[in-house]
Amino acid sequence: MKTRLYIAIAMLLMCSFTHMAEAKSRNAHAAAHKHQLAAAKNIGLDKSTITRMVEEDIAARENAKAISAETEELLNDLLSEARSHMGKRYARGSKGPSAFDCSGFSSYVYRQFGYKLSPSSRDQYNQGEKVDRKELRKGDLVFFKGRSTKGGVGHVGIVVDADEKGNFTFIHAATSKGITISNCNEPYYAARFMGGKRVIE
């Protein structure tokens, strides 16, 4: 009799433990599912935050490039003046208007609009405000190393146009062509680019 009682109690305990295990398993699955839902919501919030940050960054970049109508007109006039010298010969140490070296050209053009730049490209590099390559706009000064890529500033030009990827064209006094417009992606200049400066805010 006692043996049967012990067997019955053992069977009841086993059933109880089985139900408890199943309930625990169900609770674990429910908890995991709840956690997954929370994680999914968090990922959604993260994507939303990232999207907002990207939009704010784009807006900030556009605002940084935005200029007043007066400044726009000034920069257009400055570039018109620069282009009016296209084809004039390069001559070392010449400051214009019949011939120019690179810094002589940039200082001459700026001087026509009341801005005094040093006659040296190295000194011009220390004037104005530093501009990130992707923030360059027309009228900014761009600087390059000299013939040796290991040296300091050796050349300067004036940005004609630029895009948000950091690509730009510039007008300058080239030793072989005189006053000309070049692209920053030309191998010679791509290997020597040093930075940009903004003189006209």
Side-chain angles (χ1 to χ4, degrees), residues 61 63-201:
R61 287 180 181 274
N63 288 335
K65 286 193 171 185
I67 54 178
S68 68
E70 289 181 357
T71 303
E72 177 83 22
E73 184 177 1
L74 172 60
L75 293 175
N76 288 338
D77 289 345
L78 184 141
L79 288 175
S80 292
E81 170 65 26
R83 285 191 181 97
S84 73
H85 300 282
M86 286 284 289
K88 288 187 177 179
R89 66 188 179 88
Y90 175 92
R92 185 179 179 82
S94 294
K95 308 303 176 188
S98 58
F100 301 92
D101 64 8
C102 66
S103 55
F105 176 67
S106 54
S107 61
Y108 178 89
V109 171
Y110 268 82
R111 190 165 62 250
Q112 308 314 304
F113 298 88
Y115 293 87
K116 186 177 181 180
L117 295 181
S118 168
S120 160
S121 59
R122 289 185 182 181
D123 291 339
Q124 286 182 19
Y125 189 63
N126 294 318
Q127 295 181 263
E129 296 296 322
K130 186 177 181 180
V131 184
D132 183 83
R133 182 166 179 161
K134 292 183 179 179
E135 301 297 329
L136 286 170
R137 71 182 186 206
K138 60 185 175 183
D140 288 341
L141 297 176
V142 281
F143 296 87
F144 305 85
K145 294 177 182 178
R147 294 195 175 278
S148 169
T149 56
K150 296 179 181 179
V153 174
H155 193 64
V156 60
I158 303 171
V159 174
V160 173
D161 59 52
D163 65 23
E164 67 280 358
K165 294 181 180 179
N167 300 308
F168 61 90
T169 58
F170 60 104
I171 187 167
H172 61 124
T175 55
S176 59
K177 298 179 180 178
I179 305 304
T180 188
I181 294 177
S182 299
N183 190 297
C184 69
N185 294 317
E186 293 174 28
Y188 181 87
Y189 299 109
R192 291 170 171 77
F193 179 71
M194 292 187 68
K197 288 296 185 75
R198 180 163 298 158
V199 176
I200 300 175
E201 292 293 338

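This is a predicted model, so every value here is computed, not measured.
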Salt bridge (charged side-chain N to carboxylate O under 4.0 Å, His left out) partners of residues 93-110, not counting sequence neighbours, each pair once: K95-D101
Any donor-acceptor N or O pair under 3.5 Å, side chains T169, N183: no
With Y188 via side-chain contact (heavy atoms from CB on, under 4.5 Å) - residues at least two apart: R147, R192
For T180, side chain to side chain donor-acceptor pair (under 3.5 Å) partners two or more places apart: none
Residues in side-chain contact (heavy atoms from CB on, under 4.5 Å) contact with T71, at least two apart in sequence or another chain: I67, S68, L75, R137, I200
Any pair counted as ring pair (Phe, Tyr, Trp, His ring centres under 6.0 Å), so long as it reaches residues 129-148, sequence neighbours left out: Y125-F143, F144-F170, F144-Y189, F144-F193
Residues in side-chain contact (heavy atoms from CB on, under 4.5 Å) contact with E81, at least two apart in sequence or another chain: S84, H85, Y108, V109, Q112, F113
Separation of F100 CZ from S107 OG (nearest 0.5 Å): 8.5 Å
Summary of salt bridge (charged side-chain N to carboxylate O under 4.0 Å, His left out) pairs that have at least one residue in residues 110-122, sequence neighbours excluded: none
Q127: partners by side chain to side chain donor-acceptor pair (under 3.5 Å), with sequence neighbours left out: none
Which residues share a side-chain contact (heavy atoms from CB on, under 4.5 Å) with A190, sequence neighbours left out: none
Any residue meeting side chain to side chain donor-acceptor pair (under 3.5 Å) with D77, in chain and number order, not counting sequence neighbours: none
By salt bridge (Lys or Arg N to Asp or Glu O under 4.0 Å) - contacts of K138 (at least two apart): E72
Positive for side-chain contact (heavy atoms from CB on, under 4.5 Å) with S106, one of V142, V199, L141: L141
Sequence-distant partners of H155, side chain to side chain donor-acceptor pair (under 3.5 Å), two or more places apart: H172
